[in-house]
Amino acid sequence: MKQKDTIIKNYMSNPEYFADAFNYYLFDGEQIVRPEKLVEKDNSELKLIPLFMTDSNDNDPDETTQELPDLLKQCVLKKDEQATYFLLNISHQSDIIYIIPVISRIYDALNYQLQQIQNKTMQQKLKPVVTLAIYWSSKKWDGPLNLSDIFGEIDKTILEFITDNPINLIVPKEIKDFEKFRTDLGKVLKYLSIADQKEQYQKLSQDNNFQTLNFESAEVLNACIDININI
């Protein structure tokens, strides 16, 4: 599992694939985030996130929180002159997916606070943080999308006053148009989307366009669905 996580992180650390993911999701495929403008961002601040998610009774992480360090090691942080981009790579089914809406909001708030501390004057403007998660699986997403999905029973009137935007999430099975991707990332996600459909998968695997996958993309697919592409 750790080798798979490392392969995915290395793949998405490539500015070309990183920018492709954000351009697909944010700008409908238009090339707004430029790979050459992206700068790797220090991710040491991510170590603070588990501190916000400990059990209030004994200050020890519960079973779900113990998985947080591994999840955060898979994350990729980059920035340009417009924003900070936080990419969450979710590569396996576990309880961790149920707290993704919480992790997303904690990092956003944490980064804004650090920006404010670093600013020399209160007049200096903050830069936006965009958090995007990719679910590296051929399965459907069955986790929550909103904070309200993990609330208990609550008065609907209260919900009207809660900021409850859905998380930004790419699920291969839910992608309608893979042509909006400009790199091999689109091919990888398309393979993932039909990995459990034998006929479609065999048809796609014979497509010349998909037989030209580059080394990195083939390696990711081998790690995700164990198809033994000849690299």
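Residue W136 comes nearest to C224 through the heavy atom pair CE3-SG, 4.1 Å, listed as atom of the first residue, atom of the second, then distance. Nearest heavy-atom pair, P172 versus S137, reported as atom, atom and distance to 0.1 Å: CG-O, 3.7 Å. Here the closest heavy-atom approach between residue Y25 and residue I167 is recorded as OH-O, 3.9 Å. Among all heavy-atom pairs drawn from V33 and A19, the shortest one is O-CB, 3.6 Å.
L77 and V39 end up in different hydrophobic clusters when Ile, Leu, Val, Met, Phe, Trp and Tyr side chains are linked at under 4.5 Å.
K140 has its side chain out of reach of V171: every pair of non-hydrogen atoms, C-beta onward, lies at least 4.5 Å apart. With contacts defined as side-chain heavy-atom distances shorter than 4.5 Å, the pair Y107/L88 does not qualify. Between I150 and V102 there is a side-chain heavy-atom pair separated by less than 4.5 Å. At a threshold of 4.5 Å between non-hydrogen side-chain atoms, the residues F178 and S193 count as touching. You'll find the side chain of I32 reaches within 4.5 Å of the side chain of Q82, heavy atoms only. Counting heavy atoms from C-beta outward, K41 and K78 have side chains that stay 4.5 Å or more apart. L185 is listed as a side-chain neighbour of M12, based on a closest heavy-atom distance under 4.5 Å. Side chains of N111 and F86 form no contact here, defined as non-hydrogen atoms less than 4.5 Å apart.
Counting only residues at least two apart or in different chains, salt bridge (charged side-chain N to carboxylate O under 4.0 Å, His left out) contacts with residues 11-32 comprise D28-K180. Within the structure, the salt bridge (charged side-chain N to carboxylate O under 4.0 Å, His left out) test picks out the following pairs touching residues 165-174 (sequence neighbours left out): K173-D196.
Taking CG of N168 as the reference point, atom CG of L145 lies at 10.5 Å (rounded to 0.5 Å). Considering NZ of K73 and CG of L46, their distance stands at 12.0 Å, rounded to 0.5 Å. Taking OG1 from T131 and CG from L87, the interatomic distance works out to 9.5 Å, rounded to the nearest 0.5 Å. How far CG of L192 is from CD1 of I170: 12.0 Å, rounded to the nearest 0.5 Å. Distance CD/E45 to CG/L114: 5.5 Å, rounded to 0.5 Å. Between the CG atom of L159 and the CD1 atom of I154 there is a distance of 5.0 Å, given to the nearest 0.5 Å.
The only option from V76, V129, L38, L132 that meets the side chain to side chain contact (heavy atoms under 4.5 Å, CB included) definition with Y85 turns out to be L38.
A donor-acceptor pair shorter than 3.5 Å cannot be found between the side chains of Q115 and N119. For the 3.5 Å distance criterion, the side chains of S148 and N146 fail to qualify, holding no donor opposite an acceptor.
For E81, the CD atom sits in a packed shell: over 12 heavy atoms of surrounding residues, nucleotides or ligands are nearer than 6.0 Å.
The backbone N or O of L26 lies less than 3.5 Å from no partner atom in the side chain of N23, so there is not a single donor-acceptor pair. No side-chain donor-acceptor contact under 3.5 Å links S104 to the backbone of I100.
Residues meeting the side chain to side chain contact (heavy atoms under 4.5 Å, CB included) test with E216, sequence neighbours left out: Y11, N14, Y17, N214.
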Checking S91 against N89 for the side chain to side chain donor-acceptor pair (under 3.5 Å) test, could you report, in this order, the C-alpha distance in whole Å, the side-chain angles of both residues, the deciding distance, and whether it holds? CA-CA 6 Å; S91 61; N89 291 305; over 6 Å; no
